[in-house]
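Every chain is numbered from 1, with letters handed out A, B, ... down the list of sequences. Note that the structure is predicted; figures quoted are calculated from it, not measured.
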There are 2 protein chains.
Amino acid sequence: MSNKGYTGHMELHEPELRDVPVTAVLAALADDVRLQIVRALAEGGEYACGTFEFGVSKATRSHHLKVLREAGLTRTRAAGTSRYVRLRRDELDRLYPGLLDAVLTAPTRS
Amino acid sequence: MSNKGYTGHMELHEPELRDVPVTAVLAALADDVRLQIVRALAEGGEYACGTFEFGVSKATRSHHLKVLREAGLTRTRAAGTSRYVRLRRDELDRLYPGLLDAVLTAPTRS
DNA sequence: GAGGTTGTTCGACGCATGTCGAACAAGGGT
DNA sequence: ACCCTTGTTCGACATGCGTCGAACAACCTC
């Protein structure tokens, strides 16, 4: 929040799901771009950040991935210059059974 | 939207759930006050708008009830000077099975 | 190490949203 | 008729959020 001038170590902080208010999880899902990302991630496996080309700049994409990560929805692994993202499906399903399925099976309404 | 000066007939428009984007439903649920209202409504039955005293003014309460209604989450019936609100649970459960349960059974984290 | 690739951060911009008080509308009581 | 209650709308304000380009960092390759 108050990091002026880049501290340099890139914390990558992924909260415990229990510590994230439900409203934050819902808010994270309540955006078209992020929902597309989640749908893509739901296919399973890891994806490099660059994979997600949804008509936004890489700055915006980075922002959305941060929101998802800090809402406890994704985990990120750094490898070389890339970063691999995956859905925290098991934890999500355990804490909010049915939520993800409901959202993912919802009509795609492009 | 462009109603200047009060038109007077109070449309009360409740959309078909299919016509509401998922993100709008999620956004409607992604607010503390509205979530409290939904939790209260989930007890079943109808509630007058004034029932919901969650530390906000009646203007704000009215706003939140409008958001919920226009996201297809509630139905409103006018009777006298009061207005009775209820959850559209059946429709919700049919279109987004598991969503409401997941949100309602989530830890209350006051 | 110079240059390319990948992703994050900053600063700025506009738009949406939560909040309130005040004014208004519609009904119900007495 | 008058007033009170209930709820909506308006206008204003502050804050939050999505978006971008530009600058930066870390890494890899040659």
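Contact annotation: the side chain of Tyr96(B) approaches that of Val22(B) to within less than 4.5 Å [non-hydrogen atoms, C-beta and beyond]. You'll find the side chain of Leu104(B) reaches within 4.5 Å of the side chain of Arg89(B), heavy atoms only.
Pairing each heavy atom of Asp19(A) with each of Pro21(A), the nearest pair is O-CD, 3.5 Å. In terms of heavy atoms, Pro15(A) sits closest to Val20(A) at CG-CG2, 3.7 Å.
A rotation axis mapping the C1' atoms of four pairs onto the next four is fitted at both ends of the helix from dG1(C)-dC30(D) to dT30(C)-dA1(D) over five pairs, and the angle between these axes is 20° to 10 degrees.
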Between Leu65(A) and Ile37(A), does a side-chain contact (heavy atoms from CB on, under 4.5 Å) hold up when you go through it step by step? CA-CA 8 Å; Leu65(A) 288 169; Ile37(A) 295 177; 4.0 Å; yes
What verdict does the side-chain contact (heavy atoms from CB on, under 4.5 Å) test give for Tyr84(A) and Tyr47(A), after you've listed the backbone C-alpha separation in whole Å, the side-chain angles of each residue and the deciding distance to 0.1 Å? CA-CA 5 Å; Tyr84(A) 294 93; Tyr47(A) 293 81; over 6 Å; no
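With hydrogens and angles ignored, the 3.5 Å screen pairs a side-chain donor or acceptor of Thr105(B) with a backbone N or O of Asp101(B). Under the 3.5 Å distance criterion, the side-chain polar atoms of Ser82(B) are left unmatched by any main-chain donor or acceptor of Ala79(B). Without hydrogens or angle criteria, Glu14(A) side chain to Thr76(A) main chain gives a donor-acceptor distance under 3.5 Å. Judged by distance alone, with hydrogens and angles left aside, the side-chain atoms of Arg34(B) form a donor-acceptor pair with the main-chain N or O of Ala27(B) at under 3.5 Å. Formation of a donor-acceptor pair under 3.5 Å by the Arg86(A) side chain with backbone atoms of Thr74(A) is not found in this model.
Scanning residues 35-46 of chain A for heavy-atom distances under 4.0 Å to DNA chain D yields an empty list.
The separation between Arg61(A) atom CZ and dG7(C) atom P is 6 Å, rounded to whole Å. Phe52(A) has its CZ atom 10 Å from the P atom of dG7(C), to the nearest Å. Atom CG in Leu65(B) sits about 13 Å away from atom P in dG18(C), given to the nearest Å. Look at CZ on Arg69(B): it is 13 Å from P on dG7(D), rounded to the nearest Å. Atoms CZ (Phe54(B)) and P (dG18(C)) sit 16 Å apart, rounded to a whole Å. As a whole-Å value, the separation of Glu70(B) CD from dA16(C) C1' is 14 Å. Atom NE2 in His13(B) sits roughly 14 Å away from atom P in dT8(D) (whole-Å rounding). Atom CG of Leu26(B) is separated from atom C1' of dA16(C) by 17 Å (rounded to the nearest Å).
Contacts of Glu91(B) classified as salt bridge (charged side-chain N to carboxylate O under 4.0 Å, His left out), with partners at least two apart in sequence or in another chain: Arg75(B), Arg88(B). Here Lys66(A) pairs with Arg69(A), Glu70(A) under the side chain to side chain contact (heavy atoms under 4.5 Å, CB included) rule; sequence neighbours left out.
Atom CG of Leu41(B) is separated from atom CD of Gln36(B) by 12.0 Å, given to the nearest 0.5 angstrom.
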Using nucleotides 15-18 of chain D, report all nitrogen or oxygen pairs with the protein that are shorter than 3.5 Å.
residue: dG18(D); atom: OP1; partner: Arg34(A); partner atom: NH1; Å: 3.3
residue: dG18(D); atom: OP1; partner: Arg34(A); partner atom: NH2; Å: 2.8
residue: dG18(D); atom: OP2; partner: His63(A); partner atom: NE2; Å: 3.1

Using nucleotides 1-6 of chain C, report all nitrogen or oxygen pairs with the protein that are shorter than 3.5 Å.
residue: dT6(C); atom: O4'; partner: Thr81(A); partner atom: OG1; Å: 2.7

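Comparing atom distances between the Ser62(A) side chain and each of dC20(D), dA22(C), dG7(C) picks out dG7(C) as nearest.
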